[in-house]
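Just so it is clear, the values below take in all heavy atoms, side chains as well, and ignore hydrogens, waters and symmetry mates. First listed ligand is number 1; within each ligand, the first listed atom is number 1.
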Amino acid sequence: MDLRYSAEDEAFRAEIRAWLEKEVPAHGPPPPPDDWPARRSYDTAWQRKLFDAGYAGLAWPAAFGGRGLPTSQQLVYLEEYARADAPYIGVNFVGMMHAGPTLIAEGTDEQRRFHLPRILRGDSVWCQGFSEPGAGSDLAALATRAERHGDHYLVSGQKIWSTRAHVADHCELLVRTDSEAPRHAGITWLILDMHQAGVEVRPMRTLDGESHFCELFLDGARVPVANRVGAENDGWRVTNVTLRFERGTAFAQHIITLRAQLRKLVARAVRGAGWESDAVRAKVGRLAASLDALWRLTQMCIAEAERSGAPSLVGSAVKLRYSELSQEVAELAMRLAGDPIIGRTDLDGLPTAAIVREYLWSLQYTIAAGTSQIQRNLIAERILGLPKGR
Ligand SMILES: Cc1cc2nc3c(=O)[nH]c(=O)nc-3n(C[C@H](O)[C@H](O)[C@H](O)COP(=O)(O)OP(=O)(O)OC[C@H]3O[C@@H](n4cnc5c(N)ncnc54)[C@H](O)[C@@H]3O)c2cc1C
């Protein structure tokens, strides 16, 4: 692929830069991290602004309400987005990054017509109901049951770690529809309406004192057969499409943002004492080079996804590297901040509360969306063709 940007790409850059410079400050600061209704309003209002300005779903095909822009312009957009420190996609992450793309790839015309515009406009927030107390890395062990009754399923069981389920309208839900079949052959992918009897959402508190994710208790929740994505018992194949989007292209914005974060960190370090340390400068150099390499790999993944309709398994390498580098950057920020982090009070332009918060949050990167061990297994077995571990 040609990594250089054309005159047309640069014109697009100027256009998006001007728009972001005006709109980002106008949108105001984000609400407190644990005020989830306010976070939902803030994020969906921003999504609506993007939509109205024609910047929602740049990678989505025009036939489904997106812009269908070439890869180069999607990348320009991400670079400018990070440069402008524009609001994180937040509550729209699942909808925009993997539920929507799964519907584009696997949904019916009716499902696409109904859901895609709502996701793009920020009218509908999605969550993911894959993991269960007994099914995380071994996702095919899931036990939530769906029984068919004519034109609908009745679903009962428990999900866990469902990020932002407390503010979600729909859930990409994996259920067992055939308990006699081999494990991978009895799973179905459903769209669950979260606003109904039989769906109970219980937020869980994490190490940082916030409630990012929830338990989901389902007791006879009703899902029309028309909300099934793919055939009954063909859900494992559809799940793999979702996971490829989740691991392959969904983190692109995070990766370019991490590069911007490292630059900010360096600017702060240069003003303070930390920059005098050879070890710190060497670490920064290594992180910057690694992030540049990762951005190139991400560009390849996005280009590949555009060519073939879904990201390849190389996404596992992207996700693995991104999660490790995020933790290293967060750790370096803690180290450079020094003693003031103990008080978690912002001092002399040093955002200690945010630095500690990011560090605590970074611990999850190597678990969420598939642990690092699982990504390594996938890389070893499916990309490198090494024999399966026991
Ligand atoms: C912040 C966050 C957000 C999340 N959001 C969601 C969400 O929205 N929806 C959702 O459905 N899930 C979500 N998850 C759940 C996530 O997908 C699981 O936590 C993850 O897949 C690991 O599963 P587990 O926690 O059950 O750990 P386990 O699978 O029990 O793993 C425990 C340990 O054993 C290791 N291990 C397990 N199997 C193997 C193996 N075969 N080879 C080598 N090592 C192995 C793992 O790497 C890990 O270190 C989220 C998790 C986090 C942390």
How about [atom]: does it have a protein heavy atom within less than 4.0 Å?
atom                    : answer
atom 30 (O) of ligand 1 : no
atom 16 (C) of ligand 1 : yes
atom 34 (O) of ligand 1 : no
atom 40 (C) of ligand 1 : yes
atom 51 (C) of ligand 1 : yes

Provide, to 0.1 Å, the distance between [atom] and the closest protein heavy atom, together with that atom's residue and name.
atom                    : result
atom 19 (O) of ligand 1 : Ile367 CG2, 3.5 Å
atom 12 (N) of ligand 1 : Ser131 OG, 2.7 Å
atom 43 (C) of ligand 1 : Gln373 CB, 3.7 Å
atom 36 (N) of ligand 1 : Ser137 OG, 4.2 Å
atom 21 (O) of ligand 1 : Gly136 C, 3.8 Å

Numbering as shown, the atoms of ligand 1 that approach [X] to under 4.0 Å (heavy-atom distance):
X      : answer
Thr163 : 3 (C), 4 (C), 5 (N), 6 (C), 7 (C), 8 (O)
Phe130 : 11 (O)
Thr371 : 22 (C), 46 (C), 47 (O)
Gln364 : 1 (C), 2 (C), 53 (C)
Gln128 : 7 (C), 8 (O), 9 (N), 10 (C), 11 (O)
Ile374 : 38 (N), 39 (C), 40 (C), 41 (N)
Phe213 : 1 (C), 2 (C), 3 (C), 52 (C)
Asn377 : 40 (C), 41 (N), 42 (N), 43 (C)

Around atom [atom1] of [X], are there more than 12 heavy atoms from other residues, nucleotides or ligands closer than 6.0 Å?
X      : atom1 : answer
Tyr365 : OH    : yes
Arg148 : CZ    : yes
Asp339 : CG    : no

key: Test of ring centre spacing under 6.0 Å for Trp126 and His98   = no
task = State yes or no: are the ring centers of His254 and Tyr88 separated by less than 6.0 Å?
result = yes
ask   = Parallel, tilted or perpendicular: which describes the rings of Trp36 and His212, with under 30° parallel and over 60° perpendicular?
value = perpendicular
query = Using 30° and 60° as the class limits, which term best fits the ring planes of Tyr42 and His27: parallel, tilted or perpendicular?
reply =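 Taking His27 first and then Tyr42, their aromatic rings sit tilted (interplane angle of 30° to 60°).
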ask   = Are any non-hydrogen side-chain atoms of Glu172 and Val94 less than 4.5 angstrom apart?
value =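 They are in side-chain contact.
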inquiry  = I'd like to know whether ligand 1 has Ser162 as a neighbour, heavy-atom separation below 4.0 Å.
reply    =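 It does, in that a heavy atom of Ser162 comes within the 4.0 Å cut-off of ligand 1.
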key: Side chain Tyr81, main chain Ile16, donor-acceptor under 3.5 Å   =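 Not confirmed, Tyr81 side chain does not pair with Ile16 backbone.
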query = Are Asp35 and Arg40 close enough for a salt bridge, meaning some N to O gap below 4.0 Å?
reply = no
request  = For the pair Arg296 and Asp292, find out whether any cationic side-chain nitrogen is under 4.0 Å from an anionic carboxylate oxygen.
outcome  =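 No, Arg296 and Asp292 are not salt-bridged.
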inquiry  = For atom 14 (N) of ligand 1, which of the options Trp126, Trp161, Trp361, Phe93 provides the nearest non-hydrogen atom?
reply    =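 The nearest heavy atom belongs to Trp161.
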Test side-chain hydrogen bond (donor to acceptor under 3.5 Å, both in side chains) applied to Asp43 - qualifying residues, sequence neighbours left out =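 If we apply the side-chain hydrogen bond (donor to acceptor under 3.5 Å, both in side chains) test to Asp43, skipping adjacent residues, there are no hits.
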